[in-house]
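All chains are named by letter (A, B, ...) in the order of the sequence lines, taking the proteins before the strands, and each is independently numbered beginning at 1. Every value quoted in this text rests on a predicted model; they were computed, and no experiment measured them.
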Amino acid sequence: MSQNTFSSTFAERVKQFIKTIPAGKVATYGQIAMMAGNPGGVRGVVWILHSSSQKANLPWHRVINGKGKISLPQGHGFEEQKTRLEAEGVQFDEEDRIDLDRFLWQPGNQ
DNA sequence: AATGTGACGGACC
DNA sequence: TGGTCCGCCACAT
């Protein structure tokens, strides 16, 4: 960390935030980007979750899109993510969608 | 240095 | 309601 001793880069903040998502709750890309201080940095969040090295030790399965659905295509992680979430108590409707009003993690309103 | 890529999101039509 | 386009960011080539 030559840039700053406290590693407060966008990526670091995003990863830190994701680590704080409690089991049974989920967060959206847009929400994470916003909490990390970059409302328009959604694509950066996508990159982090897409990079296997970056998502190491992160509860990546608790990150979904703003529509309340898993973004991973079936046969490429979708099943695993859904299984992990259901194991934590997150429920899916007939359209594999999660009710954000009930499961979206809202910091400060824990 | 420029271009391509990626598990998005919001505006538009 | 749903498909398409554009904008954002970070990293690899």
Query - Interatomic distance, N38(A) CG vs dG7(C) P [rounded to whole Å] - result: 18 Å
Report task. Quickly work out the H50(A) NE2 to dC9(C) P distance and round it to whole Å. Result -> 19 Å
Query - Pair E88(A)-R84(A), salt bridge (Lys or Arg N to Asp or Glu O under 4.0 Å): steps then yes or no - result: CA-CA 7 Å; E88(A) 298 182 345; R84(A) 283 173 179 260; over 6 Å; no
Report task. Determine the contact category for V45(A): base if any of its heavy atoms lies under 4.0 Å from a base atom, sugar-phosphate if only primed atoms, P, OP1 or OP2 are that close, otherwise nothing. Result -> nothing
Report task. Could you measure between the two C1' atoms, the one in dT13(C) and the one in dA7(B), and give it in whole Å? Result -> 22 Å
Report task. Quick one: label G44(A) by what it contacts on the DNA or RNA (base, sugar-phosphate, nothing), any heavy atom closer than 4.0 Å. Result -> base
Query raised in the report: For the side chain of Q81(A) and the backbone of H61(A), is there at least one donor-acceptor N/O pair under 3.5 Å apart?
Result: yes
**Report entry** Distance, rounded to the nearest Å, where I64(A) contributes CD1 and dC8(B) contributes P
**Finding:** 12 Å
Query raised in the report: In terms of the nearest nucleotide of DNA chain C, which residue is placed more toward the 5' end: G40(A) or Q54(A)?
Result: G40(A)
Query - Test of ring centre spacing under 6.0 Å for F17(A) and W105(A) - result: yes
Query raised in the report: Looking at D93(A), L104(A), I64(A), which one forms a side-chain contact (heavy atoms from CB on, under 4.5 Å) with I98(A)?
Result: I64(A)
Query raised in the report: dA7(B), dG9(B), dG6(B): which one has an atom nearest the side-chain heavy atoms of K55(A)?
Result: dA7(B)
Query raised in the report: If each of R43(A) and W47(A) is mapped to the nucleotide of DNA chain C with the nearest heavy atom, which maps nearer the 5' terminus, i.e. the 5' end?
Result: R43(A)
Report task. Pick base, sugar-phosphate or nothing for F10(A), based on heavy-atom distances below 4.0 Å to the nucleic acid. Result -> sugar-phosphate
Query raised in the report: CD of E95(A) versus P of dG2(C): gap in Å, rounded?
Result: 8 Å
Query raised in the report: Taking CG from L104(A) and C1' from dG9(B), how many angstroms apart are they, rounded to a whole number?
Result: 15 Å
Report task. Determine, stepwise, if the pair K82(A) / E79(A) fulfils salt bridge (Lys or Arg N to Asp or Glu O under 4.0 Å). Result -> CA-CA 5 Å; K82(A) 183 177 180 181; E79(A) 301 297 346; over 6 Å; no
Query raised in the report: Rounded to whole angstroms, how far apart are CD1 on I48(A) and C1' on dC8(B)?
Result: 13 Å
Report summary line: note: M35(A), atom CE; dC9(C), atom C1'; distance rounded to Å ~ 19 Å
Requested in this report: Give the rounded distance in Å between these two atoms: CZ of R97(A) and P of dT1(C).
Outcome: 11 Å
